[in-house]
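Numbered from 1 within each chain, the chains take letters A, B, ... in sequence-line order.
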Protein chains: 2
Amino acid sequence: MGYLDFTGKYTHSVDAKNRVNIPARFRKVLAEAEICEVVISKGIDSGHIDVFPLPKWLAIRDKISASMQLVNRTHRNFLRQITQNATHCVLDSQGRIMLTPALMELAGIKKGANVEFIGLLDFMEIWDPDELKKHEENTPLTESDFEKLEQLPLI
Amino acid sequence: MGYLDFTGKYTHSVDAKNRVNIPARFRKVLAEAEICEVVISKGIDSGHIDVFPLPKWLAIRDKISASMQLVNRTHRNFLRQITQNATHCVLDSQGRIMLTPALMELAGIKKGANVEFIGLLDFMEIWDPDELKKHEENTPLTESDFEKLEQLPLI
DNA sequence: TAGATTTGTGGGAGATTGTGGGTAATACTA
DNA sequence: TAGTATTACCCACAATCTCCCACAAATCTA
């Protein structure tokens with residue numbers, strides 16, 4: 001799965017049936033990895049939907065279920081929050097996926113409106129354009145953020 | 001059993017005979033794993049019923065009986081809570097299961113009313129909608145919860 | 001620049017799903 | 001044992017969803 005490489009930002013529209021076309025560039029990446037199924041779920045930041053290629057989702061799922069203890073209430077609540085909005089989607093013959101009303105509501109995405117696809121290397125995000133702008137304005141990376149990031153072996 | 005992957009939230013109704021349809025998505029997951037029997041039992045949080053696919057239930061049962069110490073009163077109480085309301089259910093030809101009056105009473109689920117199915121990876125929960133809302137409002141994930149979760153190797 | 005191919009979007013028909021109810025078999029009760 | 005209640009197993013049907021086809025706009029290629 002290390003070869004997935006989603007990059008860039010693309011504008012698409014959600015149709016009357018809650019379908020969105022995955023950008024062709026991203027579809028090619030999926031096709032090369034022979035992936036035709038993704039899992040969409042609530043993004044951690046509000047205002048967007050995460051789109052995980054199936055192998056990435058399975059990796060996340062395995063990590064979660066390995067470390068969850070279901071007698072722990074916090075764990076249970078966390079698990080519910082992750083899973084209840086997660087949905088498996090198989091790309092249709094046009095390369096589209098169907099969003100759920102619940103996720104659209106959570107992300108502020110409206111039927112017939114535009115959305116922004118962002119590639120994040122091995123997964124994607126779908127944003128409502130206004131929410132994305134707002135998010136970028138409200139949470140710029142500060143100097144101290146960079147100092148914290150410096151502690152990770154990043155670039 | 002690692003391949004079970006119940007995700008999403010679906011609204012269904014309990015009919016006059018205490019039957020609920022298992023959401024089609026979940027039925028497909030069960031069918032692919034060739035499972036047609038589940039065990040329903042009292043959920044740990046109040047207001048819901050747990051639905052374990054048979055293999056998951058057997059795994060839970062084995063874990064419990066291996067580690068329970070019956071001289072320990074907490075263990076005995078926990079065991080009783082799990083077992084006394086646990087019921088084996090075989091899906092009918094429409095993919096429905098029948099809830100027991102006792103479990104419905106415990107979960108606040110009423111005949112003819114709606115329920116919410118939540119997928120939690122390898123099992124499901126059935127909630128009374130009001131109880132679920134109440135639970136979510138009363139026990140939101142806090143910043144300190146996330147800090148604790150951050151220490152787990154999750155995502 | 002012109003043709004060919006790919007891409008984005010829309011809509012319609014058939015299959016699936018959720019739900020209700022009826023009947024026969026079984027279990028329970030007095 | 002007879003009557004009653006409960007359960008299991010069908011069938012039915014409307015609403016919904018999924019899949020497939022179609023076409024226009026955009027992009028690529030020669």
Side-chain angles (χ1 to χ4, degrees), chain A residues 6-32 36-40 49 51 87-105 109-119 124 126-129, chain B residues 6-32 36-40 49 51 85-105 109-119 124 126-129:
Chain A
F6 301 109
T7 55
K9 187 164 95 170
Y10 302 92
T11 304
H12 280 258
S13 71
V14 183
D15 70 14
K17 292 179 176 179
N18 298 346
R19 295 178 297 190
V20 255
N21 212 323
I22 292 188
R25 285 283 178 86
F26 293 171
R27 282 209 309 264
K28 271 183 192 143
V29 174
L30 288 171
E32 272 166 31
C36 62
E37 186 173 343
V38 298
V39 173
I40 56 176
I49 296 172
V51 183
T87 310
H88 286 253
C89 302
V90 177
L91 306 216
D92 73 10
S93 53
Q94 265 63 31
R96 289 173 293 193
I97 55 173
M98 208 173 64
L99 305 179
T100 65
L103 278 174
M104 289 172 63
E105 172 77 28
I109 291 171
K110 284 154 288 287
K111 238 187 251 292
N114 280 348
V115 291
E116 304 279 359
F117 269 85
I118 301 181
M124 306 160 239
I126 305 176
W127 285 81
D128 170 69
Chain B
F6 301 108
T7 57
K9 187 165 94 169
Y10 303 91
T11 304
H12 280 258
S13 69
V14 183
D15 70 13
K17 296 176 177 177
N18 297 345
R19 296 177 298 188
V20 254
N21 211 324
I22 293 189
R25 284 284 178 90
F26 294 172
R27 282 207 310 266
K28 271 184 193 144
V29 174
L30 288 171
E32 271 166 31
C36 62
E37 185 173 343
V38 298
V39 174
I40 56 176
I49 297 172
V51 183
N85 292 299
T87 310
H88 287 253
C89 303
V90 177
L91 307 216
D92 75 9
S93 56
Q94 264 64 31
R96 290 173 291 196
I97 54 174
M98 208 174 65
L99 304 178
T100 64
L103 278 174
M104 289 172 63
E105 173 74 29
I109 290 171
K110 287 154 287 287
K111 236 189 253 292
N114 281 348
V115 291
E116 305 278 1
F117 269 84
I118 299 181
M124 306 160 240
I126 305 176
W127 285 81
D128 169 69

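Going from atom CG of B:Asn18 over to atom P of D:dA8 covers 12 Å, rounded to whole Å. Rounded to a whole Å, the CG atom of B:Asn21 is 15 Å from the P atom of C:dG21. Between the C1' atom of D:dC9 and the CD1 atom of B:Ile97 lies a distance of 17 Å, rounded to the nearest Å. Regarding B:Phe117, its CZ atom lies at a distance of 15 Å from the P atom of C:dT17, rounded to whole Å. Look at CG on A:Leu91: it is 14 Å from C1' on D:dT18, rounded to the nearest Å. One interatomic measurement links the two molecules: NZ of B:Lys111 to P of C:dG21, which rounds to 13 Å at whole-angstrom precision. Here C:dG18 presents its C1' atom at 18 Å from CE of B:Met98, a figure rounded to the nearest Å. As a whole-Å value, the separation of A:Leu99 CG from D:dT18 C1' is 16 Å.
The closest side-chain heavy-atom distance from B:Val29 to A:His88 is not below 4.5 Å. Considering only heavy atoms from C-beta on, A:Val115 stays 4.5 Å or farther from A:Ile49 through its side chain. Contact check for B:Asn21 versus B:Arg27: side-chain heavy atoms found under the 4.5 Å cut-off. Put simply, the side chain of B:Lys110 reaches to within 4.5 Å of the side chain of B:Asp128, judged on heavy atoms. Contact check for A:Leu99 versus A:Ile126: side-chain heavy atoms found under the 4.5 Å cut-off. Side-chain contact between B:Thr7 and A:Val39: absent, with no pair of heavy atoms (C-beta onward) separated by less than 4.5 Å. In this structure, the side chains of B:Asn85 and B:Thr100 stay at 4.5 Å or more apart for every pair of heavy atoms.
In terms of phosphate contacts, B:His12 brings no side-chain nitrogen or oxygen within less than 4.0 Å of OP1 or OP2 of C:dT17.
Contact annotation for B:Asp15: backbone-only contact, meaning every heavy-atom pair under 4.0 Å involves sugar-phosphate atoms and none involves a base.
Residues B:Met98 and B:Cys89 share a closest heavy-atom pair of O-SG, 3.9 Å. Nearest heavy-atom pair, A:Asn114 versus A:Ser13, reported as atom, atom and distance to 0.1 Å: OD1-CB, 3.5 Å.
Axis angle, first five pairs versus last five pairs of the helix from C:dT1-D:dA30 to C:dA30-D:dT1: 30°, rounded to 10°.
Contacts of residues 25-32 of chain B with DNA chain C (heavy atom under 4.0 Å): B:Arg27, B:Lys28.
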Discussion item. Within the 4.0 Å limit for protein heavy atoms, which parts of nucleotides 19-24 of chain D are touched? Write it as a string from 5' to 3', B for base, S for sugar-phosphate only, - for none.
Written reply: BBBB--
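Under the side chain to side chain donor-acceptor pair (under 3.5 Å) test applied with B:Asp15, the options B:Lys17, B:Arg19, B:His12 reduce to a single match, B:Arg19.
Proximity of the aromatic rings of A:Tyr10 and A:Phe117 is defined here by a centroid distance below 6.0 angstrom, and this criterion is not met.
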